Asks: 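So that we are looking at the same thing, I have put the structure below in structure tokens.
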Amino acid sequence: MMKGFLKHHGASNIAKAVILLLALIFLYTPIMTLVVYSFNESKMVTIWTTFSLHWYNVLVHDSAIISALCMSLTIAVMAASASVIIGTMAAFVMVRVRQFAGESAFMLFMTAPMVLPEVITGLALLLLYVTLGDFIPVFADRGIIAIWVAHVTFCSAYATVVIRSRFIELDTSVEEAAKDLGAGPLKVFFAIMLPSLMPAEVAAFLLSFTMSMDDLVITSFIAGPESTTLPMLIFSSIRRGLSPEINALAAIIIFVASIGTFIGWLSMVRKQKRIAADVAKAQAEAKRERESSMLGGLRG
Amino acid sequence: MPISALNATQALIRRKLNAGPRRRRKAELLLTRREVTWRERLVILVPYLWMILFFLMPFLIIFKISLSVTEIAIPPYSPIVTFEDGAMQIILHLENYTFIFTDEDGTYMKSYLKSLEVASFSTLLCLFIGYPIAWALSKCRPATRNIMFMLLIMPSWTSFVVRIYAWMALLKKDGLINDVLMALGIIDSPIHMLQTDFAVYVGIVYCYLPYMVLPLFTALLKVDYTLIEAAYDLGARPVKTFFSVLVPQTRSGIIAGSMLVFIPALGEYVIPELLGGKGSILIGRILWQEFFNNRDWPLASAVAIVMLTILAIPIVIFFKSQRKKAEAA
Amino acid sequence: MEASQRTDAAAAKPQDPSPAAKEPKPAAKNTHRPGDLPGQKASPVEQHKKPILEISDLTKKFGDFSAVNGVDLTVYEGEIFALLGSSGCGKSTLLRMLAGFETPTSGSILLEGRNIVDIPPYKRTINMMFQSYALFPNMNVRQNIAFGLKQEHLKKSVIDERVDKMLKLVHMESFVDRKPYQLSGGQRQRVALARSLAKEPRLLLLDEPMGALDKKLREQMRLELVDIINTVGVTCIMVTHDQEEAMTMADRIAIMDRGEFVQIGGPREIYENPNCRFSAEFIGSVNLFDCTLISSDQKHSLIHTDDFPSPIELGHDLDLADGMPLTIALRPEKVYISKVPDEETGGSNCCEGDVENIAYLGDISIYYVRLPSGRLVASTLPNVDRFKTGLPIWDDHVYLSWDPESCIALTI
């Protein structure tokens, strides 16, 4: 790798392929094994007997898992929606307003939740809820709303990063053009900026959704006794030992996530290709236009 | 319009302009600053208030509670401010902090050190494994790069707990790795891998690797490769070129990636809990135990505050690198 | 700029235009008067049109830095006015103040007599064509053009009719469903123009209209743009750093430097009668000589320069005391170059030297001639002769001469 970081060919190409192959083996072996063993008939997780969908059947009839899944999904959709709204506002502030009183603190609040260890965030939020619970009952019983608030807090930081990176690329003169043509500030945002931000908004939504679906530690701290999310259920089950039912659940999660990522990726690549083709077409036309203009210039 | 105030501000800015280059840039920004409209104020207010209420406030409360002692009550800690016979008493307990630092077994200090060790070592591991991957990815043709990028990212979109669970199955005594090694005749009896530090490292690297690869990849894409050609042209050896040209150019990616691994890894709870053994008492686990098992909220708060203090420097480094990136854009 | 002059300009009535009052610096005295020569566009000023835009004492400061510094300007109905200057001269800031994207620090902008300084951009009857065209990427051509009309809540039939008219005007009827990224540069420009004209603005602003096009396309689009603007009859202010663009498109040009106007006038006037060294050097190329006035009577002026052995002679008087310093500007194409001495000059307005360098540009060649005094003088000759017989070559000893009328005396 040391030698090859300049050249595109030969040894460098082999090094590149080997590195990526090793990385993929490292990343996919655990997941694939998991999926394979989810089709194992035996109750023993590690000994292969025969192919069976038995554990999937057990899974769909497990009411605890189904209700935990529903709860996780509800929270994730709600949290992702709110995070995208807050993230868009924060990104707007960072890119367009840029300078105002307390701007450093604002930036810190919008980045720190991404990196802070979850145990700290979880504990801090729980203690807040206990304190607030005296005045606001929603926080006292620490149900779905309390979990939602916690998830929005850390998801909106991720949403901000994603939306901001797109926001930076927006052309301010397009917004000025809209104003120039008579659109007020709100109209400019919804008719001009939002459509351009849409890919980032979708990405931010998906990221927040996954983050919320996936969160274990923070949710464990704040969730009241009646609220159990899917990761909490899986975690407590794993602590009791490996179980083929969890394998089946994991396989489904992996399947859904892969399909989601793949579709997202495919639509992105398709769009890029379409735009590239259109741009090439327009360039070809421009060339023709230029040539005809030269001829026209000489004739005229 | 208070003209005198404006003049005073401008005088201040002028003075700043005469200061060093970094300050100068800031002052220049101040000069071109425009008025913030009431609509913009409203937009600032929503995320700001949310974060103050649900991010800043909790930390103030954590700090407050770390200064009380545990009590059998609801909530299970002593009040700091009490009113008795018309007199207000403020009692600040420092016992939790003194306990952390002077505990006879040294459990807390040991686990802080252990956490630092694990976090630092995992960060280095991620950097050494992630840099070649990011490099290989950045040097692919765009079409291949797209596919590879998706494949590398895909596992991190699946559940975190599930990924740890997958490693538990692999690393077990009768797990796949031992089976394969035995079948190949490399080992005679299964190696004990699960519930060791090795397993913790594997878990952390596996889960945090994308956080390292992503910023490195972004930085590597922006590298000006003519500089490397220039370095070669001037006679620098590959290793020398790597450290004197490529590393400085990807510095921002290295810093961001390292911080994205180091900071969360320091407080990691799930990975040492599931993959680590009795020896892997990291501070995240201590905090969890104090809170859930011993129900000692004040001590747990104090543990968190000390951890935050340790993390202050890396968080500031990360924050600054993020800001630089934002300003450069 | 004095206050009295400002009020003059602001109160200028249709029958009493006072172009002199708009010039921030007094023009140097010389006898060249612009006549009805080709290239001298009929300025609307001279056609007694009524003013549409009056800017007075307009200033924009960014902290200590004055981007626009106390500028006065009157633009008349139907003219194309160009703000010409290098980057950072304040021309874009001035344009953005007219559009409403920047708030002036002081001064007023009157559009048809109404001060528009405090009106937000979306309520002004001024529209702008942006340098990058700023087409809305998520809308097709039709939606882009209709956007401004939709903000006025017009009836759909009215909007459709107006959009069709605009599409026809810019010859884009067959591209209505395309998105901006599916268009070429020239097509984008047409859409941008149609979009900014759709609302029938009182004033059209063009920010570097050709800035995003390549050179070949530029020349064609310039004429097309002027055609369209003239068809619509809209008053137009454009900003450009390209003097050729300003000269071909505009009726009047204002040269800007460091936030102030240096000279305002028609293209020919500015080229032939620059009022200061900056103007002379900014437009085209010029030989400048530092001189002193020897004597001046009613018909002749004799001027001394260290660069020539003989004095420069002008055919008119100069309003300057004898012995005072001045600058003589001489355009290279007005310096005749010959391998034999010119008999008619009679000792003045000529010199000799050696060809040091020749820049061959195809249509013309620039000869750099080194005088015995060490001074380098540029002279251009058209390459009319295909095999350049008789033209001077390197190291030839040549004789330079010029007409007295070609010299421009500058005092600032």
Side-chain angles (χ1 to χ4, degrees), chain A residues 96 98-99 166-167 169-202 270-300, chain C residues 96 98-102 120-139 143-153 175 178-188 190 192 195-196 198-199 201 204-205 207 213-221 223-224:
Chain A
R96 283 287 180 274
R98 289 186 87 158
Q99 300 207 324
R166 176 88 189 101
F167 222 120
E169 292 169 11
L170 291 193
D171 182 1
T172 44
S173 64
V174 173
E175 290 150 37
E176 285 179 346
K179 267 189 211 164
D180 187 66
L181 293 166
L186 280 179
K187 180 90 189 178
V188 171
F189 179 78
F190 285 103
I192 305 298
M193 294 162 86
L194 200 57
S196 298
L197 287 175
M198 223 44 208
E201 302 277 340
V202 172
R270 281 243 177 101
K271 198 173 174 192
Q272 275 177 359
K273 267 196 186 153
R274 207 182 59 226
I275 288 179
D278 285 342
V279 168
K281 213 168 95 189
Q283 273 169 352
E285 261 174 36
K287 207 177 151 196
R288 238 177 295 140
E289 187 178 291
R290 213 173 309 142
E291 278 160 5
S292 70
S293 88
M294 280 161 71
L295 287 174
L298 290 176
R299 280 187 204 135
Chain C
R96 288 173 62 79
L98 295 180
F101 300 129
E102 302 282 357
Y122 46 91
K123 287 183 184 156
R124 295 189 186 193
T125 51
I126 295 176
N127 286 135
M128 178 152 160
M129 192 176 94
F130 289 78
Q131 180 175 6
S132 59
Y133 308 137
L135 296 178
F136 306 130
N138 53 309
M139 300 182 192
Q143 288 164 330
N144 259 289
I145 298 174
F147 185 86
L149 300 169
K150 278 187 187 150
Q151 307 314 313
E152 289 176 354
H153 304 290
F175 299 96
R178 295 247 189 130
K179 291 276 183 74
Y181 65 84
Q182 294 169 312
L183 299 173
S184 70
Q187 292 167 341
R188 277 181 216 184
R190 286 171 212 215
R195 188 180 68 177
S196 49
K199 290 189 83 173
L204 176 69
L205 307 178
D207 187 5
L213 298 179
D214 52 43
K215 199 171 176 304
K216 280 282 173 207
L217 200 53
R218 254 179 226 193
E219 285 166 19
Q220 186 206 357
M221 289 307 285
L223 299 173
E224 206 175 310

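Since the structure is predicted, the reported quantities are computational estimates derived from the model, not experimental observations. All values below were derived from every heavy atom in this structure, side-chain atoms included, with hydrogens, water molecules and symmetry-related copies excluded. Chain A is the first sequence line, chain B the second, and so forth, proteins listed ahead of strands; every chain is numbered from 1.
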Asks: By a 4.5 Å heavy-atom criterion (distance strictly below it), what part of C:L223 contacts chain A: side chain, backbone, both, or neither?
Replies: neither
Asks: Tell me, do C:F130 and A:V174 make a side-chain contact under 4.5 Å, heavy atoms counted?
Replies: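 No, every pair of side-chain atoms sits at 4.5 Å or beyond.
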Asks: Contact part of A:A191 toward chain C, heavy-atom cut-off under 4.5 Å: side chain, backbone, both or neither?
Replies: both
Asks: Main chain of A:P195, side chain of C:N138: is a donor-acceptor contact present, judged purely on distance under 3.5 Å?
Replies: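 Answer holds: no.
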Asks: Which atoms of A:A277 come close to chain C, meaning under 4.5 Å heavy atom to heavy atom: side chain ones, backbone ones, both, or neither?
Replies: neither
Asks: Evaluate the side-chain proximity of C:Y122 to A:V188: yes if any heavy-atom separation is below 4.5 Å, no if none is.
Replies: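 Of all side-chain heavy-atom pairs linking C:Y122 with A:V188, none is under 4.5 Å.
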Asks: Within a strict 4.5 Å, meaning less than it, do heavy atoms of the A:S196 and C:F136 side chains meet?
Replies: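 Answer no - side chains too far apart.
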Asks: Is it the backbone or the side chain of C:M139 that comes under 4.5 Å from a heavy atom of chain A, or both, or neither?
Replies: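 Contact with chain A is through the side chain of C:M139 alone.
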Asks: Can you tell which of A:A183, A:A280, A:P185 has the highest number of heavy-atom pairs within less than 4.5 Å of chain C?
Replies: A:A183
Asks: Need one label for C:Y181: side chain, backbone, both or neither, based on atoms under 4.5 Å from any heavy atom in chain A.
Replies: both
Asks: Might you point out which heavy atoms bring C:S132 and A:S173 nearest each other, and give the distance in Å?
Replies: OG-OG, 3.0 Å
Asks: side-chain contact (heavy atoms from CB on, under 4.5 Å), that's the test. Do C:R96 and A:E176 meet it? Break it down for me.
Replies: CA-CA 10 Å; C:R96 288 173 62 79; A:E176 285 179 346; 2.6 Å; yes
Asks: Let me know if C:K123 has heavy atoms under 4.5 Å from chain A in its side chain, its backbone, both or neither.
Replies: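 For C:K123, neither part sits under 4.5 Å from chain A.
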Asks: What part of A:D180 lies closer than 4.5 angstrom to a heavy atom of chain C: side chain, backbone, both or neither?
Replies: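 Both backbone and side chain.
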Asks: For C:R178, which atoms come within 4.5 Å of any heavy atom of chain A: side chain, backbone, both, or neither?
Replies: side chain
Asks: For C:I126, is it the side chain, the backbone, both or neither that has a heavy atom under 4.5 Å from a heavy atom of chain A?
Replies: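 C:I126 touches chain A through backbone heavy atoms alone.
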Asks: State the CZ-CD distance between A:R274 and C:Q182, to the nearest 0.5 angstrom.
Replies: 8.5 Å
